Amino acid sequence: MTTTNQALLDWVAQTASLTKPERIHWCDGSEAEYQALIRLMLERGDLIALNQETYPDCYLHRSDPSDVARVEHLTFVCTPDRAEAGPNNNWMAPAEAHVKMDGLFAGCMRGRTMYVIPYCMGPIDSPYARCGVEITDSPYVVANMKLMTRMGRAALQRIEREGKFVRGLHSTGDLSPDRRFIMHFPQELLIQSVGSGYGGNALLGKKCHALRIASWQAQSEGWLAEHMLIVEIESPQGERHYLAAAFPSACGKTNLAMLIPPASQAGWKVRTIGDDIAWLHLDAQGQLRAINPESGYFGVVPGTNPKTNRNAFEMITHDTIFTNVAVTVDNEPWWEGKDKQRPATDWRGKPWTGGEGATAAHPNSRFTVAARQNPSYSPLADDPAGVPISAIIFGGRRRELAPLVYQARDWRHGVLVGASVASETTAAATGQVGVVRRDPMAMKPFCGYDFADYWAHWLSFAGKSTRLPKIFHVNWFRQDRDGNFMWPGFGDNLRVLRWIIDRCEGRAGARETAIGFLPGPKDMDLDGLGIDQQVMDSLLAVDAASWHQELTAIAGYFDGFGTKIPPALREELAGVKKRLG
Ligand code: SAT
Ligand code: MN
């Protein structure tokens with residue numbers, strides 16, 4: 001396979017002369033190609049076959065122990081003007097970054113195969129979809145891209161039709177953290193990543209393209225590229241709604257997107273459109289529509305079981321690549337929260353000995369699986385027109401303060417709600433876990449330009465449509481004094497989603513507070529939940545003193561963006577303060 005696109009041919013030739021691969025393989029995206037890659041990786045020891053009777057076509061990849069998560073401190077946005085990247089990004093001048101990366105790429109593919117992966121983010125025939133080409137020397141990356149994107153021949157044909165594509169160059173290099181960089185050149189529609197083979201660092205279609213570069217394109221073209229799941233909810237009467245929800249990595253997007261209604265919610269159906277990324281466009285009628293640019297999931301494994309997420313549990317029993325899980329004596333994958341078994345080896349392949357605080361599976365261990373394997377998969381995920389969004393939900397992981405749910409007063413206030421999201425850090429990125437940090441719209445690690453400009457872009461939608469989705473904030477993670485979760489979460493989150501939908505339809509009551517609208521005691525269906533009224537009251541309380549502190553923290557955070565902060569956000573903040581009294 002090769003191409004008629006001259007720019008692509010030239011780039012492949014230039015890249016080959018820089019990186020010196022032994023051979024070049026153009027990926028066609030076929031099943032035969034995938035199987036050949038799996039065989040190659042099995043031979044090389046890059047993959048280990050799991051129990052093929054109980055887990056057919058499932059494999060385990062153990063990454064380098066120093067390479068187990070995204071590396072935000074080594075991720076850069078390289079714009080000519082530093083101010084374009086903003087205080088929310090690490091910045092490097094493009095010329096300097098190019099010299100550095102060319103040095104690291106020089107000869108890095110000697111003795112290796114260079115894979116050329118044409119891919120399409122979004123349904124191939126969607127006007128909202130965008131293409132890219134990733135060049136990589138990692139067969140593991142190719143196999144993951146096959147499961148997670150529409151890659152190969154059809155994508156290449158679209159590239160040849162359109163001429164435009166995002167370029168992504170990746171090499172695992174020597175996997176040394178000292179020589180690891182993930183660089184973005186938004187003006188050049190170029191990504192360069194070296195020194196990591198893991199997830200968002202290496203699968204360049206995902207966070208690098210579909211969020212950092214796409215958010216940049218979206219700003220200039222009038223749409224939104226967001227870190228959001230997309231879920232379809234159907235009532236017992238057949239009424240369908242589509243919700244988009246932004247939570248930081250490892251805060252339950254996949255679980256919410258695959259929610260299984262509990263017995264008390266008989267007749268409700270939940271289907272998954274996407275679990276991580278949404279591209280949102282206004283249509284000619286002013287309706288915001290979403291597509292999921294991906295076609296597979298790269299989900300957190302630990303905690304997945306039939307109670308927390310039966311759909312995910314079932315979909316990862318075949319044709320799945322596991323990364324950094326533990327293994328049982330029966331050669332089945334194992335992770336914390338799976339079952340009562342004791343693993344034989346940990347994620348590094350060492351005999352499992354347990355020990356204080358140790359986990360057998362890495363906390364950021366992942367499954368890679370095609371979306372079609374999900375029992376709750378919605379065929380609308382392949383609809384070129386996307387789905388109409390009724391509500392946008394922001395959320396974070398917060399032990400205290402943020403109530404279970406509240407509704408923003410209007411779009412402008414909703415942008416403030418999104419911009420002030422804070423969440424406890426998780427194992428999805430290297431660094432300390434459990435510290436509260438600001439993570440606006442759950443995009444802190446993913447917005448490819450200055451947050452102040454990004455918020456201005458969000459605000460601009462208020463002038464473009466009178467039919468915008470309603471905006472909400474949720475927090476499933478409130479804890480009591482003893483550290484117990486106060487809200488059951490998982491399937492019971494449907495009760496909250498139902499209130500959200502009813503608010504969108506103008507059929508649910510609410511009580512107005514300083515921070516927005518919250519459900520009153522009778523406004524949410526709590527039948528059969530068995531939760532104490534006292535606990536509910538505290539889940540839905542707005543404590544003025546704590547919120548004053550929060551507003552001060554938000555104002556301080558905004559100060560970090562200097563004079564670029566849109567005045568509307570300051571006004572909204574002042575409004576909340578005034579209402580708090
Ligand atoms: O490593 S990824 O960026 O793909 C997963 C995540 O952090 O959301
Ligand atoms: Mn994510």
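Computed from a predicted structure; not experimentally measured. Start at 1 and go down the list; that is how both ligands and their atoms are numbered.
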### Query
Would you say M148 and I321 make side-chain contact, with heavy atoms under 4.5 Å?
no
### Task
Answer yes if the ring centres of F561 and W455 are under 6.0 angstrom apart, and no otherwise.
yes
### Task
Any atoms of ligand 1 less than 4.0 Å from a non-hydrogen atom of A428? List them with their elements.
7 (O)
### Message
Here's a test for you: under ring pair (Phe, Tyr, Trp, His ring centres under 6.0 Å), which of H184, H227, H209 qualifies with F446?
### Response
H227
### Message
Please enumerate all residues that pass salt bridge (charged side-chain N to carboxylate O under 4.0 Å, His left out) together with R478, with sequence neighbours excluded.
### Response
none
### Audit row: W458, W411, ring pair (Phe, Tyr, Trp, His ring centres under 6.0 Å) steps and yes/no
CA-CA 9 Å; W458 263 84; W411 183 265; 5.5 Å; yes
### Message
As a quick check of understanding, evaluate ring pair (Phe, Tyr, Trp, His ring centres under 6.0 Å) for F394 and H473, giving each step before the final call.
### Response
CA-CA 5 Å; F394 295 113; H473 187 284; 7.7 Å; no
### Task
For atom 8 (O) of ligand 1, find the nearest protein heavy atom and state the residue, atom name and distance (0.1 Å precision).
K207 NZ, 2.5 Å
### Query
Do D67 and S196 get their side chains close enough for a donor-acceptor pair, meaning under 3.5 Å?
yes
### Task
Heavy-atom contacts with K206 under 4.0 Å: which atoms of ligand 1 show up? List them by number with element.
4 (O)
### Query
Protein N, O or S atoms at less than 2.8 Å from the Mn ion (ligand 2), how many?
3
### Message
So for ligand 1, is H227 a polar contact partner (N or O within less than 3.5 Å, distance only)?
### Response
no
### Task
Give the atoms of ligand 1, by number and element, whose distance to some non-hydrogen atom of R366 is under 4.0 Å.
5 (C), 6 (C), 7 (O)
### Message
For ligand 1, which is the ligand I care about here, please tell me if S249 has any N or O atom under 3.5 Å from one of the ligand's N or O atoms.
### Response
yes
### Query
In terms of side-chain geometry, is the basic nitrogen of D319 or R372 positioned less than 4.0 Å from the acidic oxygen of its partner?
no
#### Entry: Heavy-atom check, side chain of F461 versus side chain of H457, under 4.5 Å
yes
### Task
Answer yes when R397 and D439 have at least one side-chain N-carboxylate O distance shorter than 4.0 Å, and no when they do not.
no
### Task
Closest by any non-hydrogen atom to atom 2 (S) of ligand 1: pick that one out of G200, P445, C208.
G200
### Query
Which ligand 1 atoms are under 4.0 Å away from a heavy-atom of F298?
1 (O), 4 (O)
